[in-house]
Amino acid sequence: MEPEKEKTGRLPRKGRKRRRVPNKLIRTPEARISGSDPVDRQPEPKRARLASILIAENCEVTHEQLCELLKYAVLGKPDIEKPRWCQLLYQSQLKRIVVVILQGMSQLHFYRFYLEFGFLRKAFKHKFRLPPPSSNFLADIIGLQNKETAGYLPKTIEGSLPSTITKPNINLQNDPIIQKYGSKKVGLLRYLLTEEEMKTFNFPLQGSPDCENFITTKCNGSVTDNSPLFGLDCEMCITSKGRELTRISLVAEGGSCLMDELVKPDDKIIDYVTCYSGITKKMLNPVKTKLKDVQRQLKALLPPDAVLVGHSVDLDLRALKMIHPYVIDTSLLYAREQGRRFKLKFLAKAILGKDIQCSERNGHDATEDATATLELAQYFLKYGPKKIAELNLEELWRDQEIRNIREKFQYTYKSVLKCLDSVDQKLLFLSRETDNIELPSKNCETIKCLSNKEVFEQARRQVDFHPFSIVQFSFEPFSPLLTEEMNKRMRIKWTEMSTIYAGPFSKDCNLRALKRLFKSFGPVRTMTLVLETHQPHLYIRYEVLEAAQLAIESLNGVLVEGVYIKVQRPVTELTLDCDTLVNELEQDSENRDTIYLSGVSQNFLGHLQELPNLFFGLEAVIVPTDPKSGRQKKYCFLSKDWKLKGRHALTPRYLHAWLRGLPPESRRPPGLRVRPPPSEQETLQNLKADHPKIAAWRWSRKIGRLYQSLSPGTLCVILLPGTTSPHGSLSGLGFMGIKDDEEEESTTPSMGL
């Protein structure tokens with residue numbers, strides 16, 4: 001019998017009367033942030049999920065990786081493997097895909113005429129580098145090859161692979177395992193991580209500033225070669241405070257599992273990371289066990305001389321918030337060259353002959369991983385370093401990578417055209433008649449035009465009627481001599497913009513204190529004392545533009561060492577528009593929500609997991625490293641706008657890598673160098689309508705108009721492919737974004753063409 005319903009049609013609440021809740025004013029987030037008090041009378045309706053894209057920082061994308069993204073955008077999972085260099089969220093909400101190719105242009109074009117490319121730099125937050133193009137750039141990015149994959153596989157993996165590995169004659173003395181442990185068998189104590197190693201690899205240690213709330217396992221007994229080993233593995237999720245423990249497994253020698261517990265974090269879970277952890281919301285819902293419970297249980301289980309074995313076990317101990325002095329880390333035990341590490345899955349297969357972390361399972365099994373690490377340590381102890389070195393793990397690893405690549409091409413390789421064909425869709429290709437490119441007519445509609453202008457007009461009319469469009473404009477590339485000159489001038493310009501002169505200082509100034517002051521703004525390449533002037537000045541050349549700009553903004557006109565100093569850039573023909581350029585760099589969509597922060601110490605970097613709590617809304621922390629030594633720099637970039645001692649970022653990370661390629665002979669020495677006045681012929685050339693500067697300005701605006709004509713939900717990719725010639729190659733640049741239905745009108749060009 002159905003219970004009686006109220007007139008509203010809803011079931012009555014038991015035990016209390018229904019009461020009407022007044023419609024309270026809804027405060028907007030702006031009111032909480034700014035302190036003002038705007039209100040909304042009605043809550044906003046829920047918006048449908050829109051497709052969005054995220055891209056890794058400092059990203060160089062190969063043509064094959066770009067092809068992977070385009071295929072995934074067409075089909076989505078599970079038909080196509082997800083691209084690893086970026087994330088395309090809610091792919092099913094994409095309406096269409098438009099790829100615009102500016103054939104003949106490169107990264108050099110964009111930064112040489114940066115001010116002219118106003119729309120591209122402001123509208124697209126995601127930029128990425130491209131390698132110089134091959135003979136057929138278009139075929140590479142859509143995966144179009146003759147006879148599908150024939151001739152496309154690298155030569156090293158063409159043909160059949162041998163079923164067994166032919167071991168080459170290797171010099172064991174050069175093996176990193178022999179260099180680290182020697183060739184003779186030794187006891188367990190030799191393989192324990194030293195305190196210095198634990199400090200180097202960021203293990204939690206007593207007295208460390210980031211381990212104040214950690215507890216010890218109380219294992220302080222005397223360790224011998226016969227001390228017991230315990231395999232440990234933890235699974236983590238992402239919460240509002242960073243990584244937190246969700247599962248722990250502890251395995252004893254002999255394979256018995258002493259502990260396998262699910263753990264519920266104290267903080268709100270943002271991402272269960274199920275594909276790795278195997279943990280789901282449903283699994284954790286009934287769990288009552290907390291971190292303090294497993295800490296207490298672990299302390300009770302471990303004897304005083306226990307040795308913990310794990311793979312990257314520093315992460316496990318940090319998740320447990322525990323400190324343990326006796327550790328064997330199999331990712332470091334099986335040493336590789338240049339500090340690299342083997343994956344646990346590979347070691348288990350190569351050493352133990354076991355398949356773990358299988359793809360058909362949803363996530364890792366912590367007990368299986370803990371058992372594998374324990375058995376790997378026991379194998380190393382039993383057979384010694386020489387036996388491990390003779391296995392030639394590096395060669396086995398390379399062979400496995402080759403097999404993986406071959407399987408990928410054999411089973412998942414498809415061109416974009418085949419992806420479209422599988423869903424009964426066609427590609428639209430617009431280009432000039434002079435472009436010697438032919439695409440298969442079966443599933444491609446090709447429209448050839450007489451000029452770039454006609455290509456543009458056709459694109460505005462046609463792209464909204466096709467799910468996938470490629471629009472190619474063709475431009476005359478720079479001559480080799482002009483390219484070489486522009487390369488040199490471009491890189492000299494950035495060097496001079498990163499250089500400052502400061503002074504005057506008194507003749508008895510504290511030079512050491514001054515050097516320390518100017519180094520506080522960022523890494524310094526060169527700092528010299530200028531004595532050619534009546535009073536001493538300092539010449540400082542910084543590694544990054546942000547450091548020079550921060551020094552100017554902080555110290556110009558300030559009293560230093562008893563004197564009001566002036567801090568300025570050298571005045572040359574290349575720095576005359578520097579203030580305008582710096583202002584536009586700040587407004588670049590990639591830099592708007594990022595700040596540069598100097599004086600970053602190792603202590604600061606040790607608290608990275610706590611930064612989201614200190615800075616609400618923090619999305620990323622980019623810590624550059626030295627390309628030669630691999631050491632972290634003493635500055636970083638925070639991906640949000642914070643009120644700290646720093647300033648807005650001015651340069652994307654990929655630009656630094658490009659500028660590092662500067663040949664020594666093209667660097668301008670300190671001091672002013674006057675360029676001869678241009679000839680009459682050069683002046684006339686600068687006024688021509690087809691000058692590259694004018695073309696950059698015109699076509700940036702045309703692309704802006706084309707972009708504004710696209711419907712919401714369109715994935716738009718703009719490619720400057722780069723150039724290749726016998727005289728040299730120029731790398732390319734890509735821009736990417738998804739057109740939103742609420743794009744700001746400010747991105748629309750303000751003047752007609």
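Numbering starts at 1 and runs along the sequence shown.
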For this session: Assess whether atom NZ of Lys299 is packed by more than 12 heavy atoms of other residues, nucleotides or ligands within 6.0 Å.
Result: yes

Problem set entry | Leu188 and Leu229: CA distance, side-chain angles, deciding distance, side chain to side chain contact (heavy atoms under 4.5 Å, CB included) verdict | CA-CA 10 Å; Leu188 180 150; Leu229 302 177; 3.3 Å; yes

For this session: For the pair Arg318 and Asp210, find out whether any cationic side-chain nitrogen is under 4.0 Å from an anionic carboxylate oxygen.
Result: yes

For this session: Can you label the angle between the Tyr326 ring and the His324 ring as parallel, tilted or perpendicular, going by 30° and 60°?
Result: perpendicular

Exercise. Considering all heavy atoms of both residues, which atom of Gly384 and which atom of Lys185 are nearest to each other, and what is their separation?
Worked result: CA-CG, 3.6 Å

Exercise. For Lys71 and Val416, which heavy atoms make the closest approach, and how far apart are they?
Worked result: CG-CG2, 3.8 Å

Seminar exercise, completed: Closest heavy-atom pair, Ala377 versus Leu333, reported as atoms and distance to 0.1 Å, is CA-CD2, 4.2 Å

For this session: Find the distance between CD (Glu244) and CD1 (Ile269) and round it off to the nearest 0.5 Å.
Result: 8.0 Å

Exercise. Are the ring centres of Phe346 and Tyr334 closer than 6.0 Å?
Worked result: no

Exercise. Within the side chain of Ser183, is there an N or O that forms a donor-acceptor pair under 3.5 Å with the backbone of Lys386?
Worked result: no

Problem set entry | N-O pairing of Asp293 and Lys290 below 4.0 Å | no

Problem set entry | Pairwise side-chain contact, Leu302 with Leu250, heavy-atom cut-off 4.5 Å (strictly under) | yes

Problem set entry | Steps toward side chain to side chain contact (heavy atoms under 4.5 Å, CB included) verdict (Phe342, Thr330) | CA-CA 9 Å; Phe342 289 115; Thr330 51; over 6 Å; no

Problem set entry | Shortest non-hydrogen contact between Ser422 and Leu75, atoms and distance | OG-CD2, 3.5 Å

Exercise. Is any side-chain N of the basic residue among Arg398 and Glu395 closer than 4.0 Å to the acidic one's carboxylate O?
Worked result: yes

Exercise. Rounded to the nearest 0.5 Å, how far does CD of Gln297 lie from CD1 of Ile248?
Worked result: 8.0 Å

Problem set entry | Member of Thr224, Val223, Val307 meeting the side-chain contact (heavy atoms from CB on, under 4.5 Å) criterion with Leu189 | Val223

Exercise. Applying the side-chain contact (heavy atoms from CB on, under 4.5 Å) test to Asp329, which of Val309, Asp314, Leu308, Thr373 qualifies?
Worked result: Asp314

Exercise. Does NZ in Lys218 sit with more than 12 non-hydrogen atoms of other residues, nucleotides or ligands closer than 6.0 Å?
Worked result: no

Exercise. In terms of side-chain geometry, is the basic nitrogen of Asp365 or Arg247 positioned less than 4.0 Å from the acidic oxygen of its partner?
Worked result: yes

Exercise. Do other residues, nucleotides or ligands put more than 12 heavy atoms under 6.0 Å from Lys264 NZ?
Worked result: yes

